[in-house]
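What follows is a short report on a single structure.
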Amino acid sequence: MHWTDVAAKALSHKGDKHIVSTGITPSGEFHIGHLREILTGDMIARAARNAGLDVEFVFIVDTADPLRKVYDFLSEEYEQFIGHQLGSIPAPDVDGKPDWRRFEQEGWTYGDHFLKPFLEALNQIGVKPRIIDNLDAYTSGKFDALAKIACDRRDEIREAIERISGRELADDWFPWSPLDSKGSLDGVKVTGYEYPFVHWLDSHGVEGSSDLRKGEGKLPWRIDWPAKWGWIGVTCEPFGKDHGAAGGSYATGREIVKILGHEPPHPLTYEWISLKGQGAMSSSAGNTIGPIEALELVPPEILRLLVAKSKPNKAIEFDTGMSLVNLADEYERMAARDYAAELSNEELSRRQRVQIEDAAGAMRMAVIEEGTEAEATAVTFRHLALLAQTKSSDEEVWSSLRNAGAIKEPNQSLIDRLMRMRAWIASKHFPLEMKISILEHPNKDALLALSEEERSVLQSLADALTTCKWDAQSIGSAIPQSAKDLQLTPKSGYRAAYAALMGKERGPRLAPILAEMEQSTIVALLQKCAALVA
RNA sequence: GGGCCUGUAGCUCAGUCAGGUAGAGCGUCGGACUUUUAAUCCGAUGGUCGCGGGUUCGAACCCCGUCAGGCCCGCCA
């Protein structure tokens with residue numbers, strides 16, 4: 001059973017109606033690590049719907065969280081906003097300075113700034129959650145009832161946190177962080193509580209009262225989370241391994257939510273996504289890849305497959321080089337399989353059956369449109385990479401594929417793929433290994449690796465290409481013909497050509513590539529090679 | 001200090017919850033395809049299941065210990 005189906009089954013034991021929730025703090029650029037959070041939730045929701053449950057998927061944007069520090073991409077002016085809520089401060093402009101104009105005229109906030117591109121990415125990748133703005137939830141009173149319970153029963157909550165996390169809370173700890181006279185959550189002392197007011201004294205010496213009903217403050221994270229579960233009615237939530245450890249916020253949350261009068265959601269802990277060779281992603285270290293950037297290179301269904309095929313507790317290494325090619329080709333192979341037919345084989349061992357079911361499950365989760373069948377495009381990533389590099393216009397790519405019988409007309413997903421392929425080739429991420437290049441000088445080692453017979457073809461090949469018409473078709477027949485003229489197999493001709501022109505044993509189809517180059521350059525290179533081994 | 005996760009073929013991982021002859025995909029190697037040689041098809045190759053004990057007729061799986069990597073117990077997907 002695919003991991004999403006395991007989760008769906010667990011949910012079905014608890015009831016028919018479910019709310020799967022995810023949440024992210026928009027403190028900086030979103031990266032593909034965040035995509036795992038939201039895709040994990042989306043996939044569980046899909047699987048649960050497949051299992052006949054009534055499921056809603058929500059995404060909570062934690063705009064009530066404070067700005068922790070002045071990040072590298074922010075100007076010093078943000079110093080004044082430390083401790084202020086992300087949904088109530090201006091967004092940075094291109095220079096990292098607060099954009100007051102948009103803030104005042106359009107209400108464009110820091111949270112909006114980072115959320116917007118992420119929502120666009122979600123749209124592309126087929127995730128359609130109900131979005132909850134956490135700051136709005138506070139100010140509109142959604143947290144009121146549970147915040148009251150938390151304040152009333154603060155001793156029980158304090159005891160739970162201290163016991164489970166093993167840390168000691170300060171004497172003046174209080175389960176509500178009021179906003180101070182300047183709008184900051186930092187350095188505020190709670191001096192008293194009479195519902196609906198929490199009285200406070202701030203770092204400027206100002207006293208005031210925070211109204212729970214109006215969200216003039218927020219619950220600290222370890223209570224904020226279970227309170228969300230409560231008022232939204234969350235029954236399932238995936239979260240990163242940081243929250244999942246013993247003593248972590250899920251452990252305290254599951255007890256606190258009971259104090260608040262609700263049941264804890266079904267948990268699912270997932271591992272991080274890291275960038276190959278660079279460790280965990282972190283905005284401050286600058287080693288991130290944004291969802292938008294990733295989607296410029298990778299088709300969305302392939303990004304989904306990456307998450308779907310890995311069990312949540314497995315760390316994922318994201319790599320924009322060769323692994324991406326392999327992943328994309330794997331998608332094509334998996335899309336072309338007939339899982340029902342494979343499973344109808346009675347002789348399968350339990351192990352083989354599980355592997356087929358998992359592959360089928362991963363493909364169900366990979367498709368963008370829920371409930372549709374993955375469609376194989378009949379063109380591998382490798383082949384498309386080759387065509388994109390040798391054909392300057394898209395039409396030439398399609399006509400090549402038509403001639404090969406791979407397609408009749410390109411469908412939209414193939415058109416998108418070619419567009420992304422071109423972006424990938426132009427980017428720094430495109431692997432050298434995939435790059436097509438014709439040698440400038442003979443590669444002696446490659447020539448010496450040829451057999452005597454193969455070497456003897458070189459001269460014949462040089463001659464054939466000197467006289468041949470310079471188009472793909474003529475070149476294509478000249479290569480094998482030059483070997484046949486010597487009573488050798490076409491293979492010898494190809495091997496000689498690859499060694500001489502690319503310094504490799506094999507490679508992509510040569511004719512169309514050569515046709516794009518100068519005949520005299522190619523012939524000169526072949527002559528040199530022939531002379532070298534003569 | 002306490003706890004969680006991970007360690008299985010060259011690589012990526014299933015299989016561990018319900019103990020019963022070690023499984024996939026990729027790669028590699030070989031063959032086929034007499035002009036599309038990064039393609040496709042067929043076949044083969046490949047593992048002291050991190051290590052050491054224990055329980056058992058039988059352990060990758062359960063128990064104890066141990067090593068390595070990652071993470072949590074302030075904030076972090």
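All values derive from a computational prediction rather than experimental measurement.
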- [ ] Identify whether any heavy atom of A:Arg333 sits under 4.0 Å from a base atom; if not, whether one sits that close to sugar-phosphate; answer base, sugar-phosphate or nothing.
- [x] sugar-phosphate

TODO: In whole angstrom, give the distance that lies between atom CD1 of A:Ile436 and atom P of B:A39.
DONE: 13 Å

Open item on the list: Please give the distance between the P atoms of B:C61 and B:C5 as a whole number of Å.
Closed with: 16 Å

Open item on the list: Please determine whether a side-chain nitrogen or oxygen atom of A:Trp272 lies at a distance below 4.0 Å from atom OP1 or OP2 of B:C5.
Closed with: no

- [ ] Have a look at A:Arg382 and say if it touches a base, only the backbone sugar-phosphate, or nothing, with a 4.0 Å heavy-atom cut-off.
- [x] sugar-phosphate

Using atom names, set out every protein N or O paired with an N or O of nucleotides 14-18 of chain B below 3.5 Å, distance rounded to 0.1 Å.
residue : atom : partner  : partner atom : Å
B:A14   : OP2  : A:Lys314 : NZ           : 3.1
B:A14   : N3   : A:Gln355 : NE2          : 2.8
B:G15   : OP1  : A:Lys311 : NZ           : 3.0
B:G15   : OP2  : A:Lys311 : NZ           : 3.0

Open item on the list: Can you give me the dot-bracket string for RNA chain B, 5' to 3', counting Watson-Crick and G-U wobble pairs with both distances under 3.5 Å, using [ ] for crossing pairs and | for partners on another strand?
Closed with: ((((((((.[[[[.)....(..]]]].(((((.......))))).....[[[[[..)....]]]]])))))))....

TODO: For A:Phe174, enumerate each residue passing the ring-ring contact (aromatic ring centres under 6.0 Å, His included) test, keeping only those at least two apart in sequence or located in another chain.
DONE: A:Tyr193

Task: Under the side chain to side chain donor-acceptor pair (under 3.5 Å) test, residues paired with A:Ser492 that sit two or more places apart - done: A:Thr489

TODO: Determine the Euclidean distance between corresponding C1' atoms of B:U12 and B:G1; express it in Å to zero decimal places.
DONE: 36 Å

TODO: Just call it for A:Met334: base, sugar-phosphate, or nothing, with non-hydrogen atoms closer than 4.0 Å on any strand.
DONE: nothing

- [ ] Please measure how far the C1' atom in B:A59 lies from the corresponding atom in B:G25, and state the result in whole Å.
- [x] 27 Å

TODO: Assign the ring pair A:Phe73 / A:Tyr71 to parallel, tilted or perpendicular, where the plane angle (0 to 90°) is split at 30° and 60°.
DONE: parallel

Task: Partners passing side chain to side chain donor-acceptor pair (under 3.5 Å) against A:His243 (at least two apart in sequence or in another chain) - done: A:Ser249

Task: Set of salt bridge (Lys or Arg N to Asp or Glu O under 4.0 Å) partners for A:Arg333, sequence neighbours left out - done: none

TODO: Could you check whether A:Arg222 gets within reach of a base, just the sugar-phosphate, or nothing at all, counting any heavy atom under 4.0 Å?
DONE: sugar-phosphate

Open item on the list: Distance check, C1' atoms only: B:U28 and B:G10, in whole angstrom units.
Closed with: 8 Å

Task: Any residue meeting salt bridge (Lys or Arg N to Asp or Glu O under 4.0 Å) with A:Asp329, in chain and number order, not counting sequence neighbours - done: A:Arg382

Task: Partner residues of A:Glu395 under the salt bridge (Lys or Arg N to Asp or Glu O under 4.0 Å) criterion, sequence neighbours left out - done: A:Arg402

Open item on the list: If the condition is salt bridge (Lys or Arg N to Asp or Glu O under 4.0 Å), which residues does A:Arg68 pass it with, not counting sequence neighbours?
Closed with: none

Task: Rounded C1' spacing from B:G30 to B:G46 in Å - done: 15 Å

TODO: Specify the separation, in whole Å, of atom CD of A:Glu271 and atom C1' of B:G69.
DONE: 11 Å

Task: Spacing of the P atoms in B:C49 and B:G23 (rounded, Å) - done: 14 Å

